[in-house]
Amino acid sequence: MYRLAHNGRTSRIVCEVVQNNAGDAPRRRGRPRSFDEGEVLEKARGVFWNLGYAAASLDDIAEATGLNRPSLYAAFGDKHALYMRALEHTRTGARTAMTAMLGREGTLREVLSSLFDAAIGAYVAGEMGQRGCFIVGTAVTQAVNDPEARALAAAFVADEDEVFRGRFARAANELAGGITPDAAATIATATLHTLAIRARTGEDREGLQRVARAAVDLICAPS
């Protein structure tokens with residue numbers, strides 16, 4: 001979704017700062033960085049997104065970002081650290097976008113339909129072909145033998161469930177008969193993942209929209 005999920009904003013970057021006593025701080029050596037870390041992270045994410053983590057080489061990333069390996073290591077650490085930064089960047093952006101979209105005025109049916117439409121628009125984008133969702137498309141595969149990627153992917157799914165659940169709880173009277181906010185959230189999250197997978201396998205926009213409409217009809221009371 002990602003116009004929904006991949007909206008180009010710079011991710012939150014957590015770094016450790018070692019403070020030295022006044023007068024003991026060493027002088028910085030070398031020239032300051034002349035590149036935007038957020039822009040570089042976006043370009044690196046594009047490589048991982050297109051090729052997958054295992055197939056993406058540092059040479060591929062260096063070519064896409066215009067940075068050499070030493071600069072990449074200095075800014076982001078090794079390939080895995082860079083990949084995790086890209087995943088966290090995506091997770092943060094996705095939750096922010098979902099919260100904003102589900103907080104808009106309108107009926108539940110209108111708001112949910114709009115969110116799925118935005119997701120489809122992002123999932124069918126990609127310079128090499130339809131890419132789906134970055135986390136679903138890459139971290140799910142990587143999660144088998146990568147505990148960090150697995151934990152982040154699980155947190156991403158939990159984020160989606162939580163944001164949907166909150167919106168459905170506020171509009172419980174607009175849910176279809178017998179559907180609880182918890183159940184509706186599970187269905188909505190599953191729909192996003194289904195749309196992402198179908199988009200990555202080449203299903204066209206019309207087919208994806210049919211899936212989205214079916215999910216909306218299942219979740220929402222008749223209009």
Side-chain angles (χ1 to χ4, degrees), residues 1-18 20 25-97 118-119 121-157 159 192-193 196-197 199-202:
M1 268 199 259
Y2 293 23
R3 310 268 185 262
L4 169 69
H6 308 307
N7 56 14
R9 297 178 181 172
T10 304
S11 66
R12 184 178 68 250
I13 300 172
V14 180
C15 54
E16 294 179 357
V17 178
V18 179
N20 296 293
R27 293 182 180 180
R28 286 188 174 185
R29 295 183 179 180
R31 292 177 299 176
R33 292 175 186 168
S34 58
F35 58 87
D36 184 301
E37 284 196 6
E39 182 179 345
V40 170
L41 188 61
E42 284 289 333
K43 291 178 179 178
R45 181 174 71 167
V47 176
F48 289 127
W49 204 345
N50 288 329
L51 303 180
Y53 174 78
S57 69
L58 281 175
D59 288 338
D60 293 324
I61 296 168
E63 181 178 358
T65 61
L67 296 178
N68 57 29
R69 287 189 178 203
S71 295
L72 286 170
Y73 278 118
F76 301 102
D78 61 14
K79 173 184 163 181
H80 188 262
L82 176 56
Y83 176 63
M84 293 305 302
R85 283 274 293 274
L87 288 176
E88 184 59 48
H89 168 73
T90 301
R91 178 193 170 192
T92 300
R95 181 173 184 122
T96 298
Y123 290 163
V124 300
E127 68 278 2
M128 294 177 63
Q130 297 183 180
R131 300 192 298 188
C133 166
F134 176 57
I135 295 178
V136 172
T138 68
V140 171
T141 301
Q142 185 64 16
V144 174
N145 60 2
D146 185 335
E148 289 185 70
R150 182 169 60 250
L152 192 141
F156 173 69
V157 174
D159 286 346
L192 284 182
H193 299 167
I197 293 167
R200 195 167 177 97
T201 58

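Along the sequence shown, residues carry numbers from 1. Basis for what follows: all heavy atoms, side chains included, without hydrogens, waters or symmetry-related copies.
Checked for salt-bridge contact, R85 and E88 miss the test: no charged N lies under 4.0 Å from a carboxylate O.
A distance-only check finds a donor-acceptor pair linking the side chain of Y83 to the backbone of A139 [under 3.5 Å].
Residues forming a side-chain hydrogen bond (donor to acceptor under 3.5 Å, both in side chains) with Q130 (at least two apart in sequence, or on another chain): none.
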For this session: Walk me through it: do D59 and R69 pass the test side-chain contact (heavy atoms from CB on, under 4.5 Å)?
Result: CA-CA 8 Å; D59 288 338; R69 287 189 178 203; 3.3 Å; yes
For this session: Show your reasoning for whether side-chain contact (heavy atoms from CB on, under 4.5 Å) applies to Y53 and T141.
Result: CA-CA 9 Å; Y53 174 78; T141 301; over 6 Å; no
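Annotation: side chain of L82 is in contact with side chain of L41 (closest heavy-atom distance under 4.5 Å). Two residues are said to be in side-chain contact when any heavy atoms from C-beta on lie closer than 4.5 Å; L87 and Q142 fail this criterion. The side-chain heavy atoms of T65 and V47, taken from C-beta on, include no pair separated by under 4.5 Å. For the pair R200/W49, a side-chain contact is recorded, criterion being any heavy-atom separation below 4.5 Å from C-beta on.
Looking at every heavy atom in both residues, K43 comes nearest to A64 through CD-O, 3.5 Å. Taking all atoms of both residues into account, the shortest heavy-atom contact from A54 to K79 is O-NZ, 3.6 Å. The two residues I135 and R91 make their nearest non-hydrogen contact at CD1-N, 3.9 Å. In terms of heavy atoms, L51 sits closest to A55 at O-CB, 3.3 Å.
When each of T90, D60, I61 is checked for a side chain to side chain contact (heavy atoms under 4.5 Å, CB included) with F48, only I61 meets the rule.
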